[in-house]
There are 2 protein chains.
Amino acid sequence: MVGGGTGKAWPADDRLAGLRSGMYDRTRRARRPCGAIAMRALAHRTTDIIRYRALAGMDLPPAWCQGAVWDRPVMNHDMREQATIRAVTSIDVARLAGVSQSAVSRAFSPDASISSRTRQKVLAAAASLGYRPNRIPAIMLSGRSYMVGVVIGGLENPFYATALERLATALRENGLQVLLMHVHDALTLDSALDQLLSYRIDAVVTSLAIGSKTVARALSQLHIPVVCFNSSLVGPWISTVNSNNHGAGAVAARRMAAHGVARPVWLAGPAKNAASRARGEGFRQGLREAGLPATALTRLQGDDTYDSGYEAITTLHRQGIRPHGIFSSNDMMACGAIDALRERMGLRCPHDVIIMGYDNIPQAAWRSYDLTSFDQHTDLMVTRAMELLDEALLAKGTPLSRTHVVDAQLIERGSTAITD
Amino acid sequence: MVGGGTGKAWPADDRLAGLRSGMYDRTRRARRPCGAIAMRALAHRTTDIIRYRALAGMDLPPAWCQGAVWDRPVMNHDMREQATIRAVTSIDVARLAGVSQSAVSRAFSPDASISSRTRQKVLAAAASLGYRPNRIPAIMLSGRSYMVGVVIGGLENPFYATALERLATALRENGLQVLLMHVHDALTLDSALDQLLSYRIDAVVTSLAIGSKTVARALSQLHIPVVCFNSSLVGPWISTVNSNNHGAGAVAARRMAAHGVARPVWLAGPAKNAASRARGEGFRQGLREAGLPATALTRLQGDDTYDSGYEAITTLHRQGIRPHGIFSSNDMMACGAIDALRERMGLRCPHDVIIMGYDNIPQAAWRSYDLTSFDQHTDLMVTRAMELLDEALLAKGTPLSRTHVVDAQLIERGSTAITD
DNA sequence: GATCGGATTGCATAGCTATGCAAAACAAGA
DNA sequence: TCTTGTTTTGCATAGCTATGCAATCCGATC
């Protein structure tokens, strides 16, 4: 009865694999509908197969028939050859240090049970071989990759660029890696998420301003924590950190009223942008509370770019309207507006017109604009996002939905200076 | 002689592991200096151990005793519990589809040998279970992760932000993932690289403007392809894509001469920035070729920020120097310079002074600046970088060093318009 | 010297997929 | 029906580390 003593206990020893193939009657190896490995590993649930079979004829979602999963690497993928260039492994180090592989692993785990003498030996060997701990197998073992998918768009907006910078820093300080995904539109989002998921990311952080239900569903179906910035997305796994857009809009309205602006202009961002909508709504409500009729508000449509701000004011000019106060949904449009006011209408801030933006991008402080703006307090928002992420990751498999709101701070500059 | 028929062939069958522990005389399990697994796997080289031992007493580089490797995840790392939430595996899909695990794998490989009927079955099962192919084990098998470490700094410069955007897009189109690392200074670079390497990235792409030898050495020692933008780094594994900084500087000089500027100003970036140095050198040489004496050139020191450009001109003003032509190492400094010229000295472009920048950031086109600038042709540079990367990855383990130079294009705007 | 508890070490394994190989199924022609 | 060539399928394995468990070592106490 000693291990594999009976004749039928093949396959007996892995190391005999090379010999085995000729050892037994090949005809015995009957085909079975399901792989032996699979059967063995899951034998306790084989009865389910029949039920599952019923599903097998169903239609496939298009994403599975084409797109991301199939659009595999264009670059070389001759994997076998590459494998010959083996990196230094913990076994190499163990051999050199004269210890077991486990000792090497422990030497690189801060809290492991290992004597300092052994650790020194191992580290010395590792250093001389150029060994770096390999996290890939650990991902398989733990099911956690410590990678977070960061999905962004619109990096041409300096606000998002600095936000990404701080986010990346914060994630790294929390021991998480950033797997970056830049998406241009909601269409590419699906395939982007597919790719991210195939790397078994632990969570998704996104600053996408898109607020559609489709996107929310796609994110919820990942079954991993999702943390959004300034989004209206709601769903089982989705947490959100928002700037107090509505409140800031109201503050802007009060400033307008204080400056005696009777017919304020609201320069809106794209309708899809939930943050922009909230700012506009807050602005509208603030004006109402200040006693201005709803008809007093002029609404201009922009798309968050400098050019659209310039264009919006140009249009206003053509309509013969002369603005006295403008609240822009973001700073880039506000800059465009300022330039158009000067070039097209010959108006200067703050003498002829006051203007407020949102985001407090670096350019708002540039002397040509000197733009009053709401600062989103990115640092705090990122900190809050880390808290939400931590909480969601700790919840392990339980969907969590939390929301944090961070107040924006009005940074007063020349564009709203009191003129007397 | 049928598989494992003899009694001493333990460990005989993995599936008997549970029984085995009590089957043989435990005292036989003598301790050996090196793990049995390691010894077995590497038996052909055990003689090396003695030689290796001699090295084991050496001093350790500090990075191995503290820092990145030890500063492990702050967030939860109870791996065992997490592992209970198993993701859907290919075996689950195989069971549901009534096929072997290999069939599932093949169904997701475009070129695999599999009948379309089987593929359909598998995809249907995969879709109903929400299975996504898992690339992590493939990384272990192939030794290629298809992840590229992207090391950046200075995202507050819109040029780098848009460059990152295009780079990320291009990498994704080539089937490569972006593992992002934002570094603030050369000090954090080492630990950043350590972390990246532990994820077995295939290559590094960086736009860091730091050009020190230490950095070059650190990158070379990774033993994976490195592609740099606008850097002077040289080393075994390092390839570079540079803007034709020197040539552009010469072009700028010719424009200066054509405008009749007798005492041009060079607004330099930080000395560490190799691109800035090259631009300045080209400018200097161009002036010489235009017949201007070396003493005609005024050099101002900046640090690539708007504020430093503003400050530089302010200093110039204090010195009582009135500039007629300025070439700035980048657009942000040029914008600061333009504002300072107007506010401090009352000078306007191009009437009183002409100015040229570099990078052609979006703000250069903003009406308040209307800045003539050299466009780096980012798209082409990224394309070239992809070519270099592809070549280097195909070279598998052979260090490659190539350089591409891409001409910059002068985008003429109002700041150098001919005034008559 | 004997005993005991704690610290350290090594062994064996799990984790999941891609792929070489051989077997089986299939197709086509004799 | 038999042969032969092609396509498809399943089996078994490799890849590397972290960790439970058991064995061993070490130091202290009796």
Side-chain angles (χ1 to χ4, degrees), chain A residues 10-11 14-18 20-22 26-41 77 79-80 83 86-94 99-109 112-119 131 133-143 198 200, chain B residues 11 14 17-18 20-22 26-41 77 79-80 83 86-94 99-106 108-109 112-119 131 133-143 198 200:
Chain A
W10 75 267
D14 290 339
R15 270 154 289 173
L16 299 178
R20 193 194 310 141
S21 53
R26 296 188 187 195
T27 59
R28 284 279 198 87
R29 219 181 190 184
R31 290 285 291 289
R32 273 168 295 172
C34 184
I37 288 184
M39 294 296 273
R40 187 210 310 159
H77 43 264
M79 296 188 161
R80 256 241 310 315
R86 247 185 58 255
V88 180
T89 73
S90 63
I91 296 183
D92 298 326
V93 177
V99 297
S100 70
Q101 179 269 330
S102 357
V104 177
S105 173
R106 291 190 177 105
F108 286 97
S109 306
S113 160
I114 185 173
S115 71
S116 67
R117 211 167 57 87
T118 305
R119 175 167 275 157
Y131 170 76
N134 182 353
R135 303 205 63 163
I136 301 297
I139 296 174
M140 288 180 58
L141 285 176
S142 69
S198 69
R200 291 297 184 259
Chain B
D14 289 339
R20 193 193 310 141
S21 54
R26 295 189 187 194
T27 58
R28 285 277 197 87
R29 221 181 191 183
R31 290 284 291 291
R32 274 166 293 174
C34 185
I37 289 182
M39 294 296 274
R40 187 208 312 159
H77 45 264
M79 297 186 160
R80 257 242 310 314
R86 247 185 57 255
V88 180
T89 73
S90 63
I91 297 184
D92 298 326
V93 176
V99 297
S100 71
Q101 178 269 329
S102 358
V104 177
S105 174
R106 291 191 177 105
F108 286 97
S109 306
S113 160
I114 186 173
S115 71
S116 68
R117 212 168 56 89
T118 306
R119 175 167 274 158
Y131 170 77
N134 181 355
R135 303 205 63 160
I136 301 298
I139 296 174
M140 288 180 58
L141 285 176
S142 69
S198 69
R200 292 296 183 259

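Per chain, numbering begins at 1; letters A, B, ... match sequence-line order. The analysis underlying the following values was restricted to heavy atoms, covering all of them including side chains, and did not include hydrogens, waters or symmetry mates. This structure is a prediction, so every number in the text was calculated from the model and none was measured.
Nearer the 5' end of DNA chain C, as judged by each residue's closest nucleotide, is the contact made by A:S115, out of A:S115 and B:M140. With DNA chain D read from its 5' end, the first of the two nearest nucleotides for B:P137 and B:I114 is the one closest to B:I114.
Between the C1' atom of D:dC16 and the CZ atom of A:R135 lies a distance of 14 Å, rounded to the nearest Å. Straight-line distance from the CD1 atom of B:I91 to the C1' atom of D:dG10: 13 Å, rounded to whole Å. The nearest whole Å value for the distance from the CG atom in A:L141 to the C1' atom in C:dG15 is 5 Å. Rounded to whole Å, atom C1' of C:dT19 lies 17 Å from atom CZ of B:F108. Atom CZ in B:R117 sits about 12 Å away from atom C1' in C:dA25, given to the nearest Å. Atom C1' of nucleotide C:dC11 and atom CD of A:Q101 are separated by 10 Å, given to the nearest angstrom. Between A:I139 atom CD1 and C:dT17 atom C1' there is a gap of 14 Å when expressed in whole angstrom units.
No hydrogens or angles were tested; on distance alone, a donor-acceptor pair under 3.5 Å links the side chain of B:S102 to the base of D:dC11. Evaluation of atom-type donor-acceptor distances gives a pair under 3.5 Å for the side chain of B:R106 against the base of D:dG10.
Checking C:dT17, D:dT17, D:dT9 against every side-chain atom of A:S90, the shortest atom distance belongs to D:dT17.
In this model, the phosphate group of D:dA18 is not approached by any side-chain N or O of A:S109 to a distance below 4.0 Å at OP1 or OP2. Listed pair B:Y131 / C:dC16 fails the phosphate criterion, with no side-chain N or O lying under 4.0 Å from OP1 or OP2.
Using a 4.5 Å heavy-atom threshold, the side chains of A:T89 and A:N134 count as separate.
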